Engineer: 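Pasting a structure here, questions to come.
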Amino acid sequence: MPEEVAAQLQAHGVAVRADEARRVLAHYLSPMARRDAKKRPLGKALKAEVARLFDLARLEVLERATDPADGFVKYLFRHADGALSEAVRIPLHRPGHFTVCLSSQVGCAMRCAFCATAGLGLQRNLSAAEIALAFAAIRDETDGRVKGAVFMGQGEPLANYDQVMRAAAVLSHPCGGRIDARMISISTVGLVPQIRRFAAEGRPHRLIVSLTSAIPDKRRTLLPIAGRYPLAELVTALEAYQEACNNRVTVAWVLLRGVNTGPDEVAALRALFGHLRLRINLIDLNETARAPGVYARAAETERQAFLDALTKLGFPVVRRYSGGQTKHAACGMLASTFQERSRRDRAAAKSI
Ligand code: SAH
């Protein structure tokens with residue numbers, strides 16, 4: 001954080017004192033600190049150099065779309081190189097409190113069978129600065145308090161480990177985003193070596209593993225990356241994580257009708273994960289253009305029976321609200337339709 005800012009500036013031939021580095025960070029990420037900074041402005045040369053460096057990570061808010069039903073707001077950003085990424089501002093139960101769902105990559109390489117982002121493929125990683133600036137852009141126009149961040153937007157956060165951890169550190173730094181480190185959630189499809197690293201480094205953030213099936217063959221079909229990291233290895237990595245960090249692991253489970261809600265899944269979960277301290281989040285499938293008609297939302301009775309069976313196993317289970325549906329801001333729906341739309345608009349303009 002401030003040390004890294006100082007090192008980065010140093011690498012560009014600009015020497016900064018520790019207090020200046022802290023003010024640079026605060027200037028970009030904390031409105032409160034920006035007000036203070038007016039009283040103690042940064043030196044002109046330093047300011048110009050910093051502006052040049054941050055310019056590389058510049059983003060422009062291209063669109064913001066509010067879902068009138070639940071107040072979810074989807075943001076579309078354009079980065080300095082033209083890449084597009086998305087984030088969502090999510091209202092919490094307490095009025096005036098929000099959390100932000102952030103992207104870690106432009107597109108994604110994981111190819112999950114039901115996820116819209118998978119259709120984009122991986123374009124590139126986001127830098128820590130780009131992630132932090134996306135957070136700051138949303139927070140700056142929020143009337144209220146942003147209390148947390150979840151890496152559940154586009155991309156696989158653990159496939160961009162260093163930048164995501166740096167961004168998380170900046171977001172939780174007192175001179176940066178000033179949110180509680182434990183209110184930052186990292187959601188992964190289950191990259192085993194990176195979960196081990198996360199555990200070994202004793203990271204304070206919450207870990208969410210998108211399990212979605214506890215039966216190896218089925219999981220490989222739904223989440224192809226599971227072919228590389230078998231469930232047994234995932235379990236031992238989670239054991240190591242709980243040993244090191246003593247945190248409950250949240251398991252995300254997208255409910256697919258007739259696919260992953262039966263007693264076979266309950267039995268497999270018990271056999272493999274019964275000894276771990278888990279919290280299970282059940283997510284309703286959002287229909288995306290990917291594999292249309294192949295997967296459907298679980299029926300109400302099916303969902304309730306699965307929820308009851310998991311509760312009986314002793315796991316706390318909640319149904320996660322996946323909002324922002326009309327604005328394509330819900331779970332698994334972040335795949336910019338902007339390029340597609342502008343192509344269509346251009347075609348329509350030509351035909352007039
Ligand atoms: N790659 C990370 C984070 C991004 S996906 C991960 O896999 O966890 C965030 C969450 O959205 C995951 O739990 C994923 O399983 C879920 N998801 C993906 N597509 C979805 C869809 N169409 N409907 C509902 N949830 C979906």
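Note that this is a predicted model, so its numbers are computed, not measured. When a ligand or atom number is given, it counts from 1 through the structure's own listing order.
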Engineer: For the 3.5 Å polar cut-off, considering only N or O atoms, please tell me whether Gly155 and ligand 1 meet it.
Structural biologist: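 By distance alone, the answer is yes.
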Engineer: For the 3.5 Å polar cut-off, considering only N or O atoms, please tell me whether Ser210 and ligand 1 meet it.
Structural biologist: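 Yes, since at least one N or O of Ser210 sits under 3.5 Å from an N or O of ligand 1.
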Engineer: Return the closest protein heavy atom for atom 19 (N) of ligand 1 as residue, atom name and distance.
Structural biologist: Gly332 CA, 3.1 Å
Engineer: Find the distance between CG (Leu207) and OH (Tyr241) and round it off to the nearest 0.5 Å.
Structural biologist: 5.0 Å
Engineer: So, Lys218 and Glu265, do they make that salt bridge, N to O below 4.0 Å?
Structural biologist: yes
Engineer: If you measure every N/O of Phe114 against every N/O of ligand 1, is any gap under 3.5 Å?
Structural biologist: yes
Engineer: Need the ligand 1 atom indices (1-based, order shown) with element for anything under 4.0 Å from a heavy-atom of Gly153.
Structural biologist: 4 (C)
Engineer: Using a plain distance cutoff, I'd like to know if Glu156 has any nitrogen or oxygen under 3.5 Å from a nitrogen or oxygen of ligand 1.
Structural biologist: yes
Engineer: What protein heavy atom sits nearest atom 25 (N) of ligand 1, and how far off is it?
Structural biologist: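 That would be Cys331 CB, 3.4 Å.
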Engineer: Using the salt bridge (Lys or Arg N to Asp or Glu O under 4.0 Å) rule, take Arg319 and Asp284 through it: C-alpha gap first, then chi angles, then the decisive distance, then the call.
Structural biologist: CA-CA 8 Å; Arg319 205 177 140 194; Asp284 288 322; 2.8 Å; yes
Engineer: Counting only heavy atoms, which portion of Thr288 has something under 4.0 Å from ligand 1: side chain, backbone, both, or neither?
Structural biologist: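 For Thr288, the contact with ligand 1 is made by the side chain alone.
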Engineer: Among Gln242, Arg270, Glu239, whose side-chain hydrogen bond (donor to acceptor under 3.5 Å, both in side chains) with His275 holds?
Structural biologist: Glu239
Engineer: Could you tell me the residue and atom name of the protein heavy atom closest to atom 9 (C) of ligand 1, and the distance to it rounded to 0.1 Å?
Structural biologist: Met152 O, 3.7 Å
Engineer: Give the atoms of ligand 1, by number and element, whose distance to some non-hydrogen atom of Cys115 is under 4.0 Å.
Structural biologist: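 So the atoms of ligand 1 that pass are 18 (C), 19 (N).
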Engineer: Considering only heavy atoms of Val189, which atoms of ligand 1 have at least one such atom less than 4.0 Å away?
Structural biologist: 6 (C), 7 (O), 8 (O)
Engineer: Can you check whether Phe72 and Tyr321 have ring centres sitting under 6.0 Å from each other?
Structural biologist: yes
Engineer: Answer yes or no: does an N/O atom from Ser187 fall short of 3.5 Å to an N/O atom of ligand 1?
Structural biologist: yes
Engineer: Which distance, rounded to the nearest 0.5 Å, do you find between the CZ of Arg145 and the CZ of Arg139?
Structural biologist: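 Reported value, rounded in 0.5 Å steps: 11.0 Å.
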Engineer: Check this for me: does any side-chain nitrogen of one of Arg228 and Glu233 sit under 4.0 Å from a carboxylate oxygen of the other?
Structural biologist: no
Engineer: Closer than 4.0 Å to some heavy atom of Ala252 - which atoms of ligand 1 meet that?
Structural biologist: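 The atoms of ligand 1 under 4.0 Å from a heavy atom of Ala252 are 13 (O).
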Engineer: Report the nearest protein non-hydrogen atom to atom 16 (C) of ligand 1: residue, atom name, distance rounded to 0.1 Å.
Structural biologist: Val254 CG2, 3.9 Å
Engineer: If you apply the rule salt bridge (Lys or Arg N to Asp or Glu O under 4.0 Å), what do you find for Arg64 with Glu141, and how did you get there?
Structural biologist: CA-CA 11 Å; Arg64 47 178 91 58; Glu141 53 180 57; 2.6 Å; yes
Engineer: Taking Glu243 for its side chain and Ala240 for its backbone only, find out whether a donor-acceptor pair lies under 3.5 Å.
Structural biologist: no
